[in-house]
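This one's a predicted model, so the numbers in the text were calculated from it and none came from an experiment. Proteins come first, then strands; the chains are lettered A, B, ... in the order of their sequence lines, and each starts at number 1.
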Amino acid sequence: MARPHIEPFCDRDVPFKKMTLPGFPPGMQYKMLSLDKDTGACTMTVQFDAGYKQPPGFSYSDVELLIMEGGLRVGEKMCGPGYYFFIPAGVAMPEISTKTGCLALLMYNQAEPSFEESDQDCDGADRSGLIQVNAYDDLYWQEPTLFPSTAPGCLIKILRMDEKTHALSFLYCMVPGFFQDNISYHDCAEEAYHIWGTSWIMQFGYLPTGGYFWRPPYINHGPFASEHGILAFGRTDGELYNHFHYNPYSTVEENRERAAARLLHRKPELYKWIVAHGHNHPTDFEFDAKTK
Amino acid sequence: MIAKRRKRSRQVKAWLKQELKEQQERYKKIVAEMEALSPQREQWIEEFFQRIQTRGFCVHKDIRRRIKPEEIPPRPKRKLRVVY
């Protein structure tokens, strides 16, 4: 995903703009958080004005939506704060409306925002991937099961995991007084939005409510702390592995090289097989067959 | 892929162009703000080095290791870059 490194950014510092793209009904305003220059994929804070009504329809991109304030009526169902939707490209949703207004995070994953009025799924849409969950009321906070993992006091609720890439969408929180004294980087891009609260990262300072980042792979971040705690939404575009270290001066190139060297330690057989035989275009007997 | 089936209209192209222009401006502002934070960051780095030698470096969950003074990385001559 070709988005620039946007970190830190606070959406409270900028005004909403009217959504003017074709297909979208009036009454939708947005703040752009990050945008892929090649595909148009983007993440936005969105305000649906009181009285907003969107007819049944679909997007040409996978869409993720998290309600943060107010509520949306989706078909017959009233959805309040904490409701999360993953809507695969082409899957038609019922009428969406709000009487009193709604503040949400809205993400388009493969292309720019689009809306096509329709009461039927687009040809080729995969409805089995549709997720609708009340993340506040129906999911428990869990300790992350990563190795190595974050310090105690950082908890997550997994909203979605991509079966092929292991990309994650999740809620996370830090308890008051949380601290983690290490520097981290990942092999994947990472994105987060602060629904509530302020955290501190040594490289970027304080990230308040409405704070956001889109961080490409291998960029140092940490140590971390939060005095009063936070509630946030996060995503990755691949498997989240914590490369921890304590060198604040290392570059992206050095971090990438270190990650490859560590692969030799952690998965020596796989590493040797790839390097020794020039297997730099491996075939996946499961997923490659599906996409052919 | 469903997203690739759709051709962008002129209106969509114009919207993307404007948004990318604004994003570039946001990026430049962030770079300037992070540059201005440099003196404070240097102090935070010193405090981090102190903590990992006393309270310890977080290895995994509540497992910590005290870093020896000789393990503290020297400051390179190059400028510290945090935004890429």
Report task. Using a strict 4.0 Å threshold on nitrogen-to-oxygen distance, state whether B/R78 and A/E253 make a salt bridge. Result -> no
Query - Which of A/S149, A/P4, A/A89, A/A111 touches chain B most, by non-hydrogen pairs under 4.5 Å - result: A/S149
Report task. Over 60° means perpendicular and under 30° means parallel, so classify the ring planes of A/F24 and A/F115, tilted if in between. Result -> tilted
Query raised in the report: So what's closer than 4.5 Å to chain B heavy atoms on A/D123: side chain, backbone, both or neither?
Result: both
Query - For the student: nearest non-hydrogen atoms of A/P144 and B/K61, plus distance - result: O-NZ, 3.2 Å
Query raised in the report: Does any heavy atom of chain B fall under 4.5 Å from the side chain of A/E7, the backbone, both, or neither of them?
Result: backbone
Query raised in the report: In terms of heavy-atom pairs under 4.5 Å, which option from A/S61, A/G205, A/C42 contacts chain B the most?
Result: A/G205
Requested in this report: Name the region of A/P8, side chain, backbone, both or neither, that has any atom closer than 4.5 Å to a heavy atom of chain B.
Outcome: both
Query - Proximal component of A/F58, with respect to chain B [non-hydrogen, under 4.5 Å] - result: neither
Query raised in the report: Where does B/V59 contact chain A at under 4.5 Å (heavy atoms): side chain, backbone, both or neither?
Result: backbone
Query raised in the report: When the ring centroid of A/H5 is compared with that of B/Y27, is the distance short of 6.0 Å?
Result: no
Query - Part of A/L35 within contact of chain B (heavy atom distance under 4.5 Å) - result: both
Query raised in the report: Between A/F204 and A/Y206, is the ring centre distance below 6.0 Å?
Result: no
Query raised in the report: In terms of heavy-atom pairs under 4.5 Å, which option from A/G222, A/G40, A/P148 contacts chain B the most?
Result: A/P148
Report summary line: In short, A/S226 meets A/M174 closest at the heavy-atom pair CB-SD, 4.0 Å
Query raised in the report: Tell me, side chain or backbone of B/F48 under 4.5 Å from chain A's heavy atoms, or both, or neither?
Result: side chain
Report task. Locate the shortest heavy-atom distance separating A/D187 from A/Y241; write the atom from each residue and the value. Result -> OD2-CB, 4.1 Å
Query - Contact class of B/L20 relative to chain A, heavy atoms under 4.5 angstrom - result: both
Query raised in the report: Can you tell if the side chain of A/Q110 reaches within under 4.5 Å of the side chain of A/T39, non-hydrogen atoms only?
Result: no
Query raised in the report: Between B/E22 and A/K17, is the closest basic N to carboxylate O distance under 4.0 Å?
Result: yes
Query raised in the report: Taking 4.0 angstrom as the limit, do A/R215 and A/E191 come out as a salt bridge?
Result: no
Report task. Please determine, among B/Q11, B/R55, B/R81, B/Q40, the option with the most heavy-atom pairs under 4.5 Å with chain A. Result -> B/R55
Query - Residue A/T251 versus chain B: region with a heavy atom under 4.5 Å - result: both
Query raised in the report: With under 30° as parallel and over 60° as perpendicular, where do the rings of A/H221 and A/H186 fit, or are they tilted in between?
Result: tilted
Query - Under 4.5 Å from a heavy atom of chain A, the part of B/I45 involved - result: both
Query raised in the report: Given that the side chain runs from C-beta out, which part of B/I67 has a heavy atom under 4.5 Å from chain A: side chain, backbone, both or neither?
Result: side chain
Query raised in the report: If you count heavy-atom pairs under 4.5 Å between each of B/V31, B/I72, B/D62, B/I63 and chain A, which one has the most?
Result: B/D62
Query - Part of B/R64 within contact of chain A (heavy atom distance under 4.5 Å) - result: side chain
Query raised in the report: Where on A/P248 is there a heavy atom nearer than 4.5 Å to chain B: the side chain, the backbone, both, or neither?
Result: both
Query raised in the report: Quick one: what part of B/W44 sits under 4.5 Å from any heavy atom of chain A, side chain, backbone, both or neither?
Result: both
Requested in this report: Would you check if the distance from the ring center of A/Y212 to the ring center of A/H194 is below 6.0 Å?
Outcome: no
Query raised in the report: Looking at A/L21, A/N247, A/V14, which has the largest count of heavy-atom pairs under 4.5 Å with chain B?
Result: A/L21
Query - Top of B/M34, B/E47, B/E19 for chain A proximity - count of heavy-atom pairs under 4.5 angstrom - result: B/E19
Query - Atom of A/L146, atom of B/H60 and distance for their closest heavy-atom approach - result: O-CE1, 3.5 Å
Report summary line: One option among A/F9, A/F179, A/Y108 has the most heavy-atom pairs under 4.5 Å with chain B, and it is A/F179
Query - Interchain contact, B/L80 with chain A, by part (heavy-atom threshold 4.5 Å) - result: side chain
Requested in this report: To the nearest 0.5 angstrom, please state how far the NE2 atom of A/H243 sits from the CG atom of A/N220.
Outcome: 11.5 Å
